There are 2 protein chains.
Amino acid sequence: MFIYLHEISNMNQIIEIERMEKAAYTLKAISNGTRLCVISLLSQKEEMNVSQLGEELNCEQSLLSHHLTDMRAKGILNCRRDGKNCYYSLKNKQMIQIIDCIRTCNCV
Amino acid sequence: MFIYLHEISNMNQIIEIERMEKAAYTLKAISNGTRLCVISLLSQKEEMNVSQLGEELNCEQSLLSHHLTDMRAKGILNCRRDGKNCYYSLKNKQMIQIIDCIRTCNCV
DNA sequence: CAAATATATGAACATTTATTCATATTTAAA
DNA sequence: TTTAAATATGAATAAATGTTCATATATTTG
């Protein structure tokens, strides 16, 4: 089955959709209270290990680990092992902007 | 059952968690390719009716309607009826910032 | 090496979100 | 005043996310 380009009403629009899909993928990965708190904490503290995060967030070990593992898999966090501990940090400092944006945005 | 304030390790943290939960609520409501496209379009065009949005987004009528209704219910969009048409617009212009933020953020 | 600590993993289940389909509602126009 | 157009709604289902629990892995320490 063939698709002719002229049948596509607006090529730019299609590319925009693709970008928005990609953005949605990242947004989904942070659209959760616990995850946003992790990002917020890491925007202040550069690096924290899982136990530290767990204490601050009052989040059960396994659940937090799942969140962290997933955020890491989706390119939001970095992880570095030091002995028994794993230190997480923001992969992309820009992510803080989203938190700031949410903070200043009067919708929140 | 009583809760004593001194048992709460960090009151600010708790408030932060609450804020992040609220932020997550809004973020969830926009963390979808189609929804982000709606916001993006409305950041350029002020107002669009459902048919116009449907054409641009190549999205089935009922599905789009569900998205719009939900975004409206969650305080993201406004809706105004004019004859047979319903015109949607951004309730909060600030929402554009999130789109911009996503655009410039190199994570996307 | 055995025990303890920190963290990860996988499976099962619960909850949310997305999608489809059929039908209802509203308004305009023939 | 029936018909068509634009949009909404609800129920059913599918797919994605969140949560829990039991257990695994890695590392350190006695």
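Just so it is clear: chains get the letters A, B, ... in the order the sequence lines come, proteins before strands, and each one is counted from 1. Because the structure is a prediction, the values reported are computed rather than measured.
To the nearest angstrom, C1' of D:dA5 lies 14 Å from CG of B:D82. Taking atom CZ on A:R72 and atom C1' on C:dA8, their separation rounds to 11 Å, with Å as the unit. Rounded to whole Å, atom P of C:dA8 lies 8 Å from atom CG of A:L64. Per the geometry, CE belonging to B:M48 stands 16 Å off C1' belonging to D:dT7, to the nearest Å. Between the OH atom of A:Y87 and the P atom of C:dA6 there is a distance of 11 Å, rounded to whole Å. Across the protein-nucleic acid pair, B:E55 atom CD and D:dA5 atom P stand 15 Å apart, rounded to whole Å. Summarising the geometry, the separation between CG on B:N85 and C1' on C:dA29 is reported as 14 Å, rounded to the nearest angstrom. Rounded to an integer number of Å, the gap from A:R80 CZ to D:dA26 C1' is 16 Å.
When all heavy atoms of A:C79 and A:C86 are compared, the pair lying nearest together is SG-CB, 3.9 Å.
Here A:Y88 lies in heavy-atom contact (under 4.0 Å) with sugar-phosphate atoms only. Among the heavy atoms of the strands lying under 4.0 Å from A:T69 are primed sugar atoms or P, OP1, OP2 only; no base atom is included.
In this structure a side-chain-to-backbone donor-acceptor pair under 3.5 Å is missing from B:R72 to B:K74. In this structure, A:S65 contributes its side chain and A:S62 its backbone to no donor-acceptor pair below 3.5 Å. Distance alone, capped at 3.5 Å, is enough to place a donor-acceptor pair between the A:N32 side chain and the A:R35 backbone. Within the 3.5 Å criterion, the main-chain N or O of B:L53 finds no donor-acceptor partner in the side chain of B:E56.
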Pairs: protein N or O with nucleotides 16-25 of chain C N or O, under 3.5 Å:
| unit_1 | atom_1 | unit_2 | atom_2 | d |
| --- | --- | --- | --- | --- |
| C:dA18 | OP1 | B:N32 | ND2 | 3.3 |
| C:dT20 | O4 | B:H66 | NE2 | 3.1 |
| C:dC21 | N4 | B:S62 | OG | 2.5 |

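Between B:I98 and A:I98, the closest side-chain pair of non-hydrogen atoms is not below 4.5 Å.
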